[in-house]
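Read through the structure below, which is laid out as structure tokens, and then see the notes.
Just so we're clear, the structure is a prediction, and the values are computed from it rather than from any experiment.
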Amino acid sequence: MKNRSLNFKLLAGGTLCVLLPLLAFASFSDIRLSKDLKAMNEQNVINIAKSLSDLTQVVLQEEIKLAKDLAVGNTTIEVAAKVTETGIANSSADIQRLEHKLVNAMKQIGENYETIIVCDPEGMIYVDSVGGTTKGVSVKDRQYFQDAKANKINVSSPVKSKKTGNPVVPICVPILSPSGQFAGALAIILKIDFLAEKILSVKVGKSGYPFLVDRNGLLIVHPNPKNVLELNLATLKDTDYNGFGG
């Protein structure tokens with residue numbers, strides 16, 4: 001697995017086929033948003049939004065390819081099938097083989113990833129790429145696992161990591177046994193920080209900035225980290241925008 005350029009390590013969230021067409025990049029200044037946009041070059045704003053959206057789409061496609069490559073590897077399939085058949089407790093030697101593979105993969109893909117995890121068909125993590133710190137954690141309630149269980153490759157909406165509490169974007173793919181049965185899921189857990197750094201480095205006008213929301217209006221990237229995964233623009237009243245930039 002070769003190192004990829006920094007452009008291919010941008011992180012973003014949302015289900016690929018749903019969120020990307022609906023990514024909302026906007027700008028904010030000291031003046032009310034509607035008035036500010038009137039004074040800006042609207043075509044320039046559109047071009048910036050399209051450029052960021054296109055780059056995000058390319059990056060997500062690359063990340064999905066990486067996750068798929070890891071999930072269909074011989075070691076991953078063999079170990080997942082063994083765990084499904086005999087249980088986690090009876091597969092320790094095999095699990096160590098898979099852990100070695102994930103640790104090496106983590107070293108190559110860089111520091112913009114929180115971890116790589118593999119869970120059994122019930123959503124219990126039994127191996128990761130960071131020394132087993134997430135072993136025993138259940139992701140059964142996570143939508144990305146439920147989608148994988150339904151045989152869907154997916155880019156999750158951003159969530160707070162169960163390990164660190166930081167915003168992350170899981171990219172999850174199902175692991176199928178040699179007979180084609182669901183044998184668990186593999187997920188690459190991406191940090192949002194790197195995405196935020198790249199998006200917020202873009203300037204819009206004199207005092208504007210781009211920000212990113214999911215399809216429901218929840219902020220994914222914003223200059224004020226307190227707003228990330230906390231503030232939903234769909235719930236703001238018109239007068240609330242006056243304090244939005246803080």
Check: Is the backbone of A49 close enough, under 3.5 Å, to the side chain of S53 for a donor and an acceptor to pair up by distance?
Finding: no

Check: Could you state the interatomic distance from OG1 (T115) to CG (L102), rounded to the nearest 0.5 Å?
Finding: 8.0 Å

Item checked: Closest approach of L229 to P167 (non-hydrogen atoms, all atoms of both residues) -> CD1-CB, 3.7 Å

Note to self: Please give me the minimum heavy-atom distance between A185 and A148, naming the atom from each residue.
What the structure shows: CB-CB, 3.9 Å

Check: Given the rule that I, L, V, M, F, W and Y join up when any side-chain heavy atoms are under 4.5 Å apart, are V130 and L70 in one cluster?
Finding: yes

Next item on the list: Give a yes or no answer on whether the side chain of S156 reaches the backbone of P158 with a donor-acceptor pair at less than 3.5 Å.
Entry: no

Margin query: Using side-chain heavy atoms (C-beta onward) and a distance below 4.5 Å, is E114 in contact with T164?
Written below: yes

Checklist line | Closest approach of S129 to M106 (non-hydrogen atoms, all atoms of both residues) | finding: OG-SD, 3.5 Å

Checklist line | same_hphob_cluster(I188, V127) at 4.5 Å side-chain heavy-atom cutoff | finding: yes

Note to self: Measuring only between side-chain heavy atoms, which start at C-beta, is I77 closer than 4.5 Å to P178?
What the structure shows: yes

Next item on the list: Rounded to the nearest 0.5 Å, what's the gap from CD1 on I175 to CD on Q181? Could you check?
Entry: 14.5 Å

Item checked: Point-to-point distance, once rounded to the nearest 0.5 Å, from CD1 of I171 to CG of N154 -> 9.0 Å

Check: Is V168 close to I192 at the side-chain level, that is, under 4.5 Å between some pair of heavy atoms?
Finding: no

Notebook entry, point to check: Can you name the closest pair of heavy atoms from T84 and P121 and give their distance?
Noted result: OG1-CG, 3.6 Å

Item checked: Minimal non-hydrogen separation, T75 against R97, with atom names -> CG2-NH1, 4.0 Å

Check: For K101 and Q96, what are the C-alpha separation, side-chain angles and deciding distance, and is it a side chain to side chain contact (heavy atoms under 4.5 Å, CB included)?
Finding: CA-CA 9 Å; K101 173 183 177 177; Q96 286 180 2; over 6 Å; no

Notebook entry, point to check: Transitively linked via ILVMFWY side-chain contacts under 4.5 Å: F145 with V118?
Noted result: no

Margin query: If you apply the rule side chain to side chain donor-acceptor pair (under 3.5 Å), what do you find for S157 with Q143, and how did you get there?
Written below: CA-CA 9 Å; S157 294; Q143 187 59 49; over 6 Å; no

Check: Can you find a side-chain donor-acceptor pair between K162 and T134 that sits under 3.5 Å?
Finding: no

Notebook entry, point to check: Roughly how far apart are L98 CG and L186 CG, rounded to 0.5 Å?
Noted result: 8.0 Å

Notebook entry, point to check: Do V169 and V155 come within less than 4.5 Å of each other through their side chains, counting heavy atoms only?
Noted result: yes

Notebook entry, point to check: Does some side-chain heavy atom of V159 sit less than 4.5 Å from a side-chain heavy atom of P170?
Noted result: yes

Item checked: Heavy-atom check, side chain of K149 versus side chain of K140, under 4.5 Å -> no

Notebook entry, point to check: Should E63 and Y113 be marked as a side chain to side chain donor-acceptor pair (under 3.5 Å) after you check the CA-CA gap, both sets of side-chain angles, and the distance that decides it?
Noted result: CA-CA 11 Å; E63 300 298 351; Y113 302 78; 2.8 Å; yes

Next item on the list: To the nearest 0.5 Å, tell me how far C172 SG sits from K152 NZ.
Entry: 12.5 Å

Margin query: Treating N216 as the side-chain partner and L218 as the backbone partner, does any N or O pair qualify as donor plus acceptor under 3.5 Å?
Written below: no

Check: Any sub-3.5 Å donor-acceptor pair from S138's side-chain atoms to M124's backbone N or O?
Finding: no

Check: At what distance, to the nearest 0.5 angstrom, does CZ of F211 lie from CD1 of I220?
Finding: 11.5 Å

Notebook entry, point to check: Should D94 and E78 count as side-chain neighbours, where that means a heavy-atom distance under 4.5 Å?
Noted result: no

Check: Donor-acceptor pair, D120 side chain versus I88 backbone, under 3.5 Å?
Finding: no

Margin query: Looking at T76 and V72, would you say the former's side chain and the latter's main chain have a donor-acceptor pair under 3.5 Å?
Written below: no

Notebook entry, point to check: Does V79 share a hydrophobic cluster with I116, counting links as ILVMFWY side-chain heavy atoms below 4.5 Å and allowing steps through other members?
Noted result: yes

Margin query: Hydrophobic clusters here meaning ILVMFWY residues chained together by side-chain heavy-atom distances under 4.5 Å, can you tell me if I153 and L190 are in one?
Written below: yes

Check: Hey, does V228 have a side-chain heavy atom less than 4.5 Å from the side chain of L219?
Finding: no

Next item on the list: List the atom of A81, the atom of S177, and the distance in Å for their closest heavy-atom pair.
Entry: CB-CB, 4.4 Å

